[in-house]
Amino acid sequence: MIDLKQLRENPDAFRAAYARRGGVEGLDRVIELAARHRESLAEVERMRAEHNRASKAIGLASADERPAAIEAARGLADQIKGLEPQLDQLADDLEAAAAYLPNLPHESVPEGTSEEENVVEREVGERRDLDFEPLDHVALGERLGLFDGERGAKTSGSRFVYLTGSGVILELALVRFAIDFLSERGFEPVITPVLVRRQAMYGTGFLPTEEHEFYKVERDDLYLAGTSEVALASMRAEEILSKDELPVRVAGFSSCFRREAGSYGKDTRGLVRVHQFDKVEQFSFAHPEDSWDELAAIRANQERILQALEIPYRVLVMCAGDLGGSAAKKVDNEAWLPGAQRYMEVTSATNATDYQARRLRIRFKDGSGTRLVHTLNGTACAAGRMIVALVENHQRADGSVTIPGALTPYTGFAEITPRA
RNA sequence: GGAGAGGUCGCCUAGUCCGGUCUAUGGCGCCGGUUUGCUAAACCGGUUGGGCGCAAGCCCUCGGGGGUUCGAAUCCCCCCCUCUCCGCCA
């Protein structure tokens, strides 16, 4: 949620910021509703004050004065009851309309209205010189027995896979590696609930705009979270943190569920685009003045993990038009896939500034008052896609795959060889 | 799933039966001050959160939402959550 007070004071700043996103519908309606709501609120509050005075006087009045005093107060109460429905309606309409307004892009976000205009900031790591025709992860996975998509489809439908054999060990190793890596950097490990209330989805900005992306359990009115970010942010909802404990850093682990609506035909095989995957996520509640440093810290962790796993990648800064609703800035890392001969998003880091904190009411106290924290999130290890990047980059001519040194303490083996 | 007990401004707690100076009590914690070699103790003051307003001030807030009433922490209804016991279950 944006700051409606700021919007009122400086609507042109919002117009300009949303123009950078390629235009946002409904801004003028929000401005108008906010003004009408404010007017109505002032009127109702004025009458409530009058009524409160009248009502209090009754308690002090003598028996003779009472009937007349009650009659007067009743008249005021009736008037207020006549106005309140209109005020409530305005408040509801305002909130509903404002819920669709996205965060303001940070000044450092590149111009652009579509994903073609995202900016490659850097390329890092060397692509290995392969003197053979590399396989993509689907072929490798089949030879090495890492996963089984056909049987996944039989059981649950397309885009569901069984991880099998060494694939399981690889995933568990990656997860533990990422958790240990983050623990050493002040992130407390947390395994989150995956079924979450509407309020948590709304608070993190996935609703109302992205409803179609998520599974919902109607019977219990719960959503399957698309990322542990939802439960991690919501973990501190309504809380007031102390200034001294910021940044609060947590490393979440959970399965993630995405409907992938509208992606028919893309990445239909393998682990790249599936309805369910496991992910270790970084999440920070930061002081507003430190949140851009915190984003840098989260990004540095992502890059160190990729470097430790010896995966070449490029850094892609999302342009204004390609930001999610809650993001003020978003930076992805894309791993190079020698088999598929393309880049694939493996991590994403976002500073949501106070957008989520306002909806979730997550604040901190400093001497002068209570302020909203900034929230940030960033992938540490999306297990499925990391396996894809790992096997494609560390494959050998004979179809086997080597395990980078950083990971072997967790796998217990240094290579995976094709099944007989 | 069944039965019961609860939810009060950081934490604990009084108030709810019997509606009105509740403008929510007290303790702990925290912040500031006095005293003081330093610290502690003691003492004094402050300390829910949000909204409107230049300000004075006003409005809302006792789990959430409705209702009764001139007036609700207090009475009524619905919902959420926590705890205990039973059942079921990994």
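Order of the sequence lines fixes the chain letters, A, B, ..., with proteins taken first and strands second; residue numbering starts at 1 for each chain.
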Which whole number of Å gives the distance between the [atom1] atom of [N] and that of [M]?
{"N": "B:U25", "M": "B:G10", "atom1": "P", "result": "14 Å"}
{"N": "B:U39", "M": "B:G50", "atom1": "P", "result": "33 Å"}
{"N": "B:U74", "M": "B:G64", "atom1": "P", "result": "11 Å"}
{"N": "B:U84", "M": "B:U21", "atom1": "C1'", "result": "40 Å"}
{"N": "B:G29", "M": "B:U13", "atom1": "C1'", "result": "14 Å"}
{"N": "B:G32", "M": "B:C80", "atom1": "C1'", "result": "40 Å"}
{"N": "B:U82", "M": "B:G66", "atom1": "P", "result": "23 Å"}

Between [N] ([atom2]) and [X] ([atom1]): distance, integer Å:
{"X": "A:Glu238", "N": "B:G50", "atom1": "CD", "atom2": "P", "result": "11 Å"}
{"X": "A:Gln199", "N": "B:G63", "atom1": "CD", "atom2": "C1'", "result": "14 Å"}
{"X": "A:Arg361", "N": "B:G10", "atom1": "CZ", "atom2": "C1'", "result": "15 Å"}
{"X": "A:His51", "N": "B:G20", "atom1": "NE2", "atom2": "P", "result": "16 Å"}
{"X": "A:Glu50", "N": "B:C70", "atom1": "CD", "atom2": "P", "result": "17 Å"}
{"X": "A:Leu90", "N": "B:C52", "atom1": "CG", "atom2": "C1'", "result": "15 Å"}

For [X], which contact category applies under a 4.0 Å heavy-atom criterion: base, sugar-phosphate, or nothing?
{"X": "A:Ala42", "answer": "nothing"}
{"X": "A:Arg358", "answer": "nothing"}
{"X": "A:Arg53", "answer": "nothing"}
{"X": "A:Ile240", "answer": "sugar-phosphate"}
{"X": "A:Arg363", "answer": "sugar-phosphate"}

Nearest to the [X] side chain among [options], which nucleotide is it?
{"X": "A:Arg197", "options": "B:C58, B:C81, B:G71", "result": "B:C81"}
{"X": "A:Arg74", "options": "B:C70, B:G49, B:C52", "result": "B:C70"}
{"X": "A:Arg48", "options": "B:G49, B:C60, B:G20", "result": "B:C60"}
{"X": "A:Ser55", "options": "B:G49, B:C52, B:G20", "result": "B:G20"}
{"X": "A:Asn52", "options": "B:G71, B:G50, B:C59", "result": "B:C59"}
{"X": "A:Arg8", "options": "B:G20, B:C52, B:G71", "result": "B:C52"}
{"X": "A:Ala49", "options": "B:U69, B:C58, B:G49", "result": "B:C58"}

Across all strands, who's sitting opposite [N] as a Watson-Crick or G-U wobble pair, both distances under 3.5 Å?
{"N": "B:A14", "result": "none"}
{"N": "B:C30", "result": "B:G46"}
{"N": "B:U68", "result": "none"}
{"N": "B:C62", "result": "none"}
{"N": "B:C83", "result": "B:G4"}

| query | Are side-chain N/O atoms of A:Tyr215 and A:Arg259 paired as donor and acceptor at under 3.5 Å? | reply |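 Side-chain D/A pair, A:Tyr215 to A:Arg259: absent.
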| message | Using the rule given for side-chain hydrogen bond (donor to acceptor under 3.5 Å, both in side chains), can you reason through A:Glu415 versus A:Ser400, listing the C-alpha separation, both sets of side-chain angles and the distance that settles it, and then say yes or no? | response | CA-CA 7 Å; A:Glu415 60 172 10; A:Ser400 67; 4.7 Å; no
| Under 3.5 Å, side chain of A:Arg198 to main-chain N/O of A:Leu207, donor-acceptor pair present? |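 No; zero donor-acceptor contacts below 3.5 Å.
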| query | Do A:Glu281 and A:Asn377 come within less than 4.5 Å of each other through their side chains, counting heavy atoms only? | reply |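 Result yes, sub-4.5 Å side-chain heavy-atom pair found.
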